[in-house]
Protein chains: 4
Amino acid sequence: MPRKPALSAEPSERSDLPEPAGTPAPPASHQRRKAERPSELLDAALQLFVEKGFAATKTEDIARLAGVSKGTLYLYYTSKEDLLREVISQRVSTRIAEGMARAAAHQGSATELMRTLLVDWWMQTLESDASGVFKLVVSEVRNFPEIAELWFNEISQPGSQLIGGMVQRGIDSGEFRQVDVLSVVYSIVMPLVMLCVHRHSLGACECPGMGLDPQTFIRAHIDLVLRGISTHPEP
Amino acid sequence: MPRKPALSAEPSERSDLPEPAGTPAPPASHQRRKAERPSELLDAALQLFVEKGFAATKTEDIARLAGVSKGTLYLYYTSKEDLLREVISQRVSTRIAEGMARAAAHQGSATELMRTLLVDWWMQTLESDASGVFKLVVSEVRNFPEIAELWFNEISQPGSQLIGGMVQRGIDSGEFRQVDVLSVVYSIVMPLVMLCVHRHSLGACECPGMGLDPQTFIRAHIDLVLRGISTHPEP
Amino acid sequence: MPRKPALSAEPSERSDLPEPAGTPAPPASHQRRKAERPSELLDAALQLFVEKGFAATKTEDIARLAGVSKGTLYLYYTSKEDLLREVISQRVSTRIAEGMARAAAHQGSATELMRTLLVDWWMQTLESDASGVFKLVVSEVRNFPEIAELWFNEISQPGSQLIGGMVQRGIDSGEFRQVDVLSVVYSIVMPLVMLCVHRHSLGACECPGMGLDPQTFIRAHIDLVLRGISTHPEP
Amino acid sequence: MPRKPALSAEPSERSDLPEPAGTPAPPASHQRRKAERPSELLDAALQLFVEKGFAATKTEDIARLAGVSKGTLYLYYTSKEDLLREVISQRVSTRIAEGMARAAAHQGSATELMRTLLVDWWMQTLESDASGVFKLVVSEVRNFPEIAELWFNEISQPGSQLIGGMVQRGIDSGEFRQVDVLSVVYSIVMPLVMLCVHRHSLGACECPGMGLDPQTFIRAHIDLVLRGISTHPEP
DNA sequence: AATGAATGAGAATTCATTCAT
DNA sequence: TATGAATGAATTCTCATTCAT
């Protein structure tokens, strides 16, 4: 029933824009649409679920936002809940994989790795749609136990391993003190997760805001933690 | 038919009966009930709103949990949304006031003040029902702009002032470096807010959990920050 | 890029090429299929309508059961209701014609004719798909007045004439008493119709069943009636 | 929100008219209605299910026919299917019990008993709403296995026992030949069930009809069977 | 002719709110 | 005040039918 979405969350998605002449015609619109629908629906669903919450989102609005009719949604997903599941598991997993690849490829010091990787990764995440998933999960887990499972298996656990691995590397190399790894991971991650959550809740309101830009905050936060665990804190 | 205008949750609600002058008159049991109804309804509403979210909570469930009938709820609150408003503004404000009083009374160093006050306050908050309000606000602000207002005026702003004041005190006294106060406030608060949010979302699931107890985390987190801003970090 | 229209499983679909003149050209297998489509659709529709009822049957299921796609169904029938009409009028009429032919050809006594013809005819009907039509008509006439017309003109009336004719023959020959012909016809037919209906309703359930095989029942029933109207009942 | 004026199909319902003075007021309308609702809904549901079939009946129509709103139906029955179940088990069981009581009380011959009891019972059944249940069951069993169970346990089995008992009584007393009891039961019952089914399907159409009145048919049918199994058939 | 993606009217069910008691 | 039966707008999901390919 649900079509396996099958395509990336990547950009350059959906050009209704006229193709440069000479380019072979795009695949027959019928077929092309079919291939893109699932992803378009997922985008629409994510946006609305994050903004309004699952229960307050109408399937018809998702469909309209994706540019299709009510019925079409059910050609690709069996239910609103199915859509919720897919939205969550599709949008973060790939990002985690990317992070792991980058960490594995890194040559320099743990401190350096963390400073660049964490800042980059979280900045990109924060600015992408994926950041909304954090708010969504936080808001809805208790209503859908299945989400908790998804979260731990596909996101929390691999994520902890990724960051914990970097901390451990620093301990082993003598850069960091003999801290409790897991505790540090949470100290690092929680404010950043919160930043994502914030962006889609209070941060999305007219109101004052927290008065500093995210990049500055992320950088400062990472520095703070690194200084906290470093064996040679810079003055 | 004009709805009773959503009176406050305060006791001594509208006794048209003249109190016997001077006599404290222990309230008759059903009188007492009557006086407590609003608060019981608020407790029930908070619990369910936090657990299921606003849209997914049924007014009937709130009423049942508070031990009254559906209709009764509407004698005290004009609508489900009214209940949401009240729930949010009632449960955190008092706690903030307490914190400010305690901070004002403190004599010793800023470091000392922060270490004790923040740990105590957040531990108590985390363990009380009030912690749920954080999750509730995070989940629902975007649907109810009014909540954002409540939040900033009654919670965020006074809270920032409380903590920012302590940081500033430390800077003035030379205990802390010349850091950006607001940035530090956020570094302090965000993980703690997140802890509250977490407790009512992923933390409420069966799943592994974050592996460390809250008190330890709070203490470690405050220490980390203090070390980060201190002019004389302990080794 | 127009997708090759996903042709049916059949090869060499659709030859626009002129057939070699003069050659009788045994119908290409796909030609045969094409010719049989309507009948296959009717079979599928009958089966599902009888089993689930008209309203609860999905056109897509009919199409699938007939081995074609949803759209194809509409190339042969204008609507689901059209299919219902056709299903009813096609499957019983032929059987009635057969019965009339056989009755006309018969030489012996009315008793003998009825004993053989009725038993044979109803056994064959009961075991064929046609038996389902009785259940279908019974279940759906009230929703489709048109069906009532079909029923009376094409089935009920000719059928009554067929059986009534045999009874009258027996009265005329002195084999039967001066009974009311129509009344006898109904006494004969109703249990047999009921047998068909039963086969497709309660008789199709797991449950105990009526404990006697149809042939025995039919035989016994006919005997009972014949004995009832006979001028010389066998002891 | 306009209150449904709540008039039932019943006459003299809802008397805004002044009650005759001195008459004790009818039970509080609120309460009285609550007590009658389930039965009114069942009546409405039976009528529509029998006429249109389960799938083609709209819950809203049932509600309207019962004089209530859509939502009210769900205060009494959990679903349309629940209504179907109840409709079937409530309307025939009582009639069977009545029949059994009467049979048990009978003193005279089996022949006499059957002639009077069967004719009476089936005439009453045929003319009551209960007759519709037969059509309903026949049309819907295959979609709802649960109905088959209900049918066998609450209707078919006790019914067979009731009639079979009478036949057996006649055999024991020498009135009837040594026939196969069950077979006779079916010969008796099937045309009568069919009569009920017929009344709510083809019999409800404008069309010619079967040309004889039910009472005559029932009488003739019973006579026919009795003559068929009697040891001393009257000429 | 055949396909199957898309549509949208329609049906079952839920739930905030009202109001007679 | 308190109750809970009743309401009906709103929401999810289905399915007959259409139509571009």
Side-chain angles (χ1 to χ4, degrees), chain A residues 3 28-31 33-34 37 55-63 67-81, chain B residues 1 3-4 14 30 33-34 37 55-63 68-76 78-81 83, chain C residues 1-10 13-14 16 30 33-34 37 55-63 68-81 83, chain D residues 1-4 6 28-31 33-34 37 55-63 67-81:
Chain A
R3 192 64 0 127
S29 99
H30 223 39
Q31 295 300 324
R33 297 316 304 256
K34 179 167 164 53
R37 283 281 140 78
T57 297
K58 290 174 254 183
T59 52
E60 188 162 9
D61 288 345
I62 297 174
V68 298
S69 74
K70 241 181 329 171
T72 300
L73 189 156
Y74 291 89
L75 254 28
Y76 296 93
Y77 299 93
T78 57
S79 67
K80 198 181 164 187
E81 204 175 327
Chain B
M1 218 90 356
R3 186 79 347 193
K4 201 58 238 304
R14 187 335 198 3
H30 80 97
R33 296 296 308 223
K34 221 182 288 188
R37 283 281 148 77
T57 296
K58 293 175 240 180
T59 52
E60 186 163 13
D61 288 344
I62 297 174
V68 299
S69 74
K70 245 183 321 177
T72 301
L73 190 155
Y74 286 87
L75 295 173
Y76 296 96
T78 58
S79 68
K80 199 180 162 188
E81 202 174 329
L83 210 36
Chain C
M1 207 100 357
R3 186 65 8 127
K4 230 333 187 53
L7 10 98
S8 82
E10 298 326 304
E13 181 78 308
R14 145 87 139 308
D16 291 329
H30 78 97
R33 296 295 307 223
K34 220 182 288 187
R37 283 280 148 76
T57 296
K58 293 176 240 178
T59 52
E60 187 163 11
D61 288 345
I62 297 174
V68 299
S69 75
K70 246 184 321 177
T72 302
L73 190 155
Y74 287 86
L75 295 173
Y76 295 95
Y77 300 93
T78 61
S79 69
K80 198 180 164 188
E81 202 175 328
L83 211 37
Chain D
M1 219 100 342
R3 185 74 355 161
K4 223 319 145 88
S29 99
H30 224 40
Q31 295 301 323
R33 296 314 305 255
K34 180 169 164 48
R37 284 281 141 81
T57 297
K58 289 175 255 184
T59 52
E60 188 163 8
D61 288 345
I62 297 174
V68 298
S69 74
K70 243 180 328 173
T72 300
L73 190 155
Y74 290 88
L75 255 28
Y76 296 93
Y77 298 93
T78 58
S79 67
K80 199 180 163 188
E81 204 175 327

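Values below: all heavy atoms of this structure, side chains included; hydrogens, waters and symmetry mates excluded. All chains are named by letter (A, B, ...) in the order of the sequence lines, taking the proteins before the strands, and each is independently numbered beginning at 1. Since we're looking at a predicted model, the values are computed, not measured.
- Whole-Å rounding puts the D:E60 CD to F:dG8 P distance at 10 Å.
- Sequence order on DNA chain F of the closest nucleotides to A:K80 and C:Y74 puts A:K80 first from the 5' end.
- The two residues C:T59 and C:L73 have their closest heavy-atom pair at O-CD1, 3.8 Å.
- Between D:Y76 and C:T57, it is D:Y76 whose nearest contact on DNA chain F lies nearer the 5' terminus.
- Among residues two or more places apart in sequence or in another chain, the side-chain hydrogen bond (donor to acceptor under 3.5 Å, both in side chains) test is passed with B:S69 by B:T72.
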Nucleotide pairing, DNA chain E (Watson-Crick or G-U, distances under 3.5 Å), in dot-bracket with [ ] and |: .||||||||||||||||||||
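- For B:T59, counting side-chain heavy atoms from C-beta on, the closest listed nucleotide (F:dA6, E:dA16, F:dC13) is E:dA16.
- Between the CD atom of A:E81 and the C1' atom of F:dC13 there is a distance of 14 Å, rounded to whole Å.
- Nearest-nucleotide positions on DNA chain E for B:K58 and C:G71 put C:G71 closer to the 5' end.
- Set against E:dT17, F:dT7, E:dT7, the side chain of B:K70 has E:dT17 as its closest nucleotide.
- Closest to the side chain of B:S69, out of F:dT3, F:dA16, E:dA6, is F:dT3.
- Considering all non-hydrogen atoms of both residues, C:K80 and C:A55 come closest at NZ-O, 3.6 Å.
- Taking only side-chain atoms of B:L75, from C-beta outward, the nucleotide of F:dT12, F:dT7, F:dT1 with the closest atom is F:dT1.
- The interatomic distance linking C:L83 (CG) with F:dT17 (C1') rounds to 14 Å, in whole Å.
- Here the P atom of nucleotide F:dT17 and the CG atom of C:L73 are 9 Å apart, to the nearest Å.
- Considering only the side chain of A:T72, E:dA6 comes nearest among E:dA6, E:dC15, E:dG4.
- The CD atom of C:E60 lies 4.5 Å from the NZ atom of C:K70; values are rounded to the nearest 0.5 Å.
- Taking atom OH of A:Y77 as the reference point, atom P of F:dT12 lies 17 Å away to the nearest angstrom.
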